[in-house]
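Note: hydrogens, waters and symmetry copies are ignored here, and every other heavy atom, side chains too, is used. Each ligand, and each atom within it, is numbered from 1 in the order the structure gives. Since the model is a prediction, treat every value here as computed from it, not as a measurement. Start at 1 with the first residue, then count along the sequence.
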Amino acid sequence: MSLAASDPSFDTQVFRFATRMGRLKASAIREILKVTGMPDVISFAGGLPAPELFPVAQFAQACQDVLATDGPAALQYSVTEGYEPLRRWVSEYLARVNQIRCTPDQVLIISGSQQGLDLIGKTLLDPGDFVIIENPAYLGAIQAFDAYEAQYVTVATDDEGIDTNDLLRVLRETKRRPKLLYLVPNFQNPSGLTLSLRRRRDVVAIAAEYGIPIYEDDPYGRLRYSGEQIPSLMAIAKSRNCIYMSTVSKTIAPGMRVAWLVIPEREVFERVVPAKQAADLHTSSFTQRAVYAYASNTEVFEHHIAEMLPVYARRRDLMVESLERFMPDGCSWTRPDGGLFLWARVPEEVDTEALLALASRSKVAFVPGAPFWVNRVVRNTMRLNFSNASDEMIVEGVKRLGEAVKAYLAGAR
Ligand SMILES: Cc1ncc(COP(=O)(O)O)c(C=O)c1O
């Protein structure tokens, strides 16, 4: 006789989910991407780099070279920490472009920054622990930390990034010491905002005073189109109590799934390594070598970045100009100095989730802002991606978007 038949309280469901799964929803962005992938939709929704700018031919050559010169090792299992020459390259690259001083053995190669968010969550967060985040915040981070049942304390942002007075207020008022301060200081996703130098210094000082580690997520730092480069939090803090993360997703291609964590604190590094080992043993031996073969040719890599920047800068400018031209009164938006997104605010009475339904009828898409806001309901914002649309599509798409906002305001839903 089965257990189910003998015990009336027996849960007949065979797959019984962990409680934590209750908080995990498929990312709103991924769901939207499915819809906006249709060929006739002008999509400002994804966070996709421009595929026509991927260095396909040179990368093909790098892959061939790897297989020709190091084939068996490239196809073999490897160590969790990462391919040694790539770790060395990362430490030299960060010194060159970010003034970050780190040794190769402080670099952990990971399978995309998204894995880093998961690993740091896994290593540091118990259920109910507090993470301080910007508001609005990167959805992928919320999703990763949600899996570890984190709670969030949010800090207000303005044109200079997070408001450090608000950060101080939050720290004074929060009863339990937060485990982490997670920030995207350059061209933040979703807002496009950059944390100013003055604020970075304040953030580092405040974090040190309150004993909170800084987790600096910097996927967009190399994509600067205007303004001066600002030192990273890691550089300002001279690596103390910081974790830094970046990726090749926006400089080479996201399909590589190669990124890195810099963890100067040995004890922390040694805890994150087994967390990664449990997740995937190691990042692909082959792609690590291919990325190394491609990126370690500084001339080729820097030339590629230098070719990308003016294209993205033009698309940003065109999107800003088109918004000025086509959006009705009462709308505003950021003009980011880099990255892939700008953030727009429409009149209070517009709910951008309902607006998306209206806009998609005219075949234009964006990401409604509501899911990026934590502990707050804000319905009249949206994220617009400018990197993955041609000049013509940007102008036409923003025109359609402006018409959709006007139609919404005129009562159409
Ligand atoms: C702030 C931020 N962190 C992390 C990621 C994930 O990047 P990766 O492709 O390296 O996983 C993204 C991707 O858009 C991002 O915007």
Side-chain angles (χ1 to χ4, degrees), residues 27-33 36 43-51 54 82 86 90 93-94 107-122 131-147 152 157 161-162 180-195 214-224 232-234 243-262 276 279-280 283-284 287-288 291 295 312 334 336 338-343 366-367 369 371-372 374 383-388:
S27 148
I29 295 184
R30 293 274 166 278
E31 293 305 307
I32 290 164
L33 273 177
T36 59
S43 177
F44 304 135
L48 307 182
F54 292 153
L86 181 62
V90 169
Y93 174 72
L94 292 181
V107 175
L108 175 65
I109 306 297
I110 49 179
S111 305
S113 306
Q114 195 60 36
Q115 182 179 52
L117 294 164
D118 179 63
L119 297 179
I120 297 302
K122 196 195 256 186
V131 178
I132 307 177
I133 53 173
E134 295 151 282
N135 214 8
Y138 170 53
L139 258 187
I142 299 170
Q143 214 182 15
F145 300 150
D146 270 357
Y152 304 100
T157 55
I162 67 160
L180 213 51
L181 168 56
Y182 168 77
L183 293 173
V184 183
N186 292 317
F187 329 122
Q188 194 238 14
N189 179 1
S191 69
L193 294 170
T194 294
L195 190 61
I214 297 174
Y215 184 5
E216 178 173 26
D217 183 2
D218 185 25
Y220 304 108
R222 291 303 310 278
L223 303 185
R224 176 176 276 284
S232 65
L233 294 162
M234 181 80 139
I243 293 171
Y244 175 88
M245 180 166 77
S246 191
T247 176
V248 304
S249 288
K250 316 294 155 137
T251 50
I252 305 177
M256 295 296 103
R257 311 312 299 136
V258 170
W260 48 85
L261 278 166
V262 179
K276 176 169 168 66
D280 67 351
T283 296
S284 154
T287 49
Q288 289 192 69
V291 164
Y312 287 160
T334 55
L340 305 182
F341 309 106
L342 58 79
W343 183 244
F366 56 85
V367 183
F372 297 93
V374 181
R383 193 190 72 178
L384 298 172
N385 167 255
F386 54 79
S387 58
N388 188 34

*Proximity flag Gly140 to ligand 1, non-hydrogen atoms under 4.0 Å*: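 Under 4.0 Å: no for Gly140.
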
_Against ligand 1, does Met245 come closer than 4.0 Å with any heavy atom?_
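Not so, Met245 does not reach ligand 1.
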
*Distance flag, aromatic centroids of Tyr244 and Trp260, threshold under 6.0 Å*: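 No, too far apart.
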
In terms of side-chain heavy atoms, does [X] have a donor or acceptor partner in [Y] at a distance below 3.5 Å?
X	Y	answer
Tyr182	Asp217	yes
Tyr93	Arg222	yes
Ser111	Asp280	yes
Tyr152	Asp146	yes
Thr283	Lys276	yes

Atoms of ligand 1, numbered as shown, that sit under 4.0 Å from any heavy atom of [X]:
X	value
Ser113	4 (C), 6 (C), 7 (O), 8 (P), 10 (O), 11 (O)
Gly112	10 (O), 11 (O)
Asn189	14 (O), 15 (C), 16 (O)
Pro219	1 (C), 2 (C), 3 (N), 15 (C)

Just need the protein heavy atom nearest to [atom], so name the residue and atom and give the distance.
atom	answer
atom 12 (C) of ligand 1	Tyr138 OH, 3.3 Å
atom 14 (O) of ligand 1	Lys250 NZ, 2.9 Å
atom 2 (C) of ligand 1	Asp217 OD2, 3.4 Å
atom 9 (O) of ligand 1	Ser249 OG, 2.6 Å
atom 16 (O) of ligand 1	Tyr220 OH, 2.5 Å

*Could you see which bit of Met256 sits under 4.0 Å from ligand 1, with heavy atoms only: side chain, backbone, both or neither?*
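Near ligand 1, Met256 shows nothing, with every heavy atom at 4.0 Å or more.
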
*Record the part of Arg257 in heavy-atom contact with ligand 1 below 4.0 Å; permitted values are side chain, backbone, both and neither.*
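It is the side chain that touches ligand 1; the backbone stays farther off.
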
*Do any N or O atoms from the side chain of Thr157 and from the backbone of Asn135 form a donor-acceptor pair under 3.5 angstrom?*
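Present.
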
*Can you check side-chain contact (heavy atoms from CB on, under 4.5 Å) on Leu183 and Leu181, steps first, answer last?*
CA-CA 6 Å; Leu183 293 173; Leu181 168 56; 4.1 Å; yes

*Considering non-hydrogen atoms only, spot the tightest contact between Ala279 and Gln115 and give its length.*
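That closest heavy-atom pairing would be CB-NE2, 4.0 Å.
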
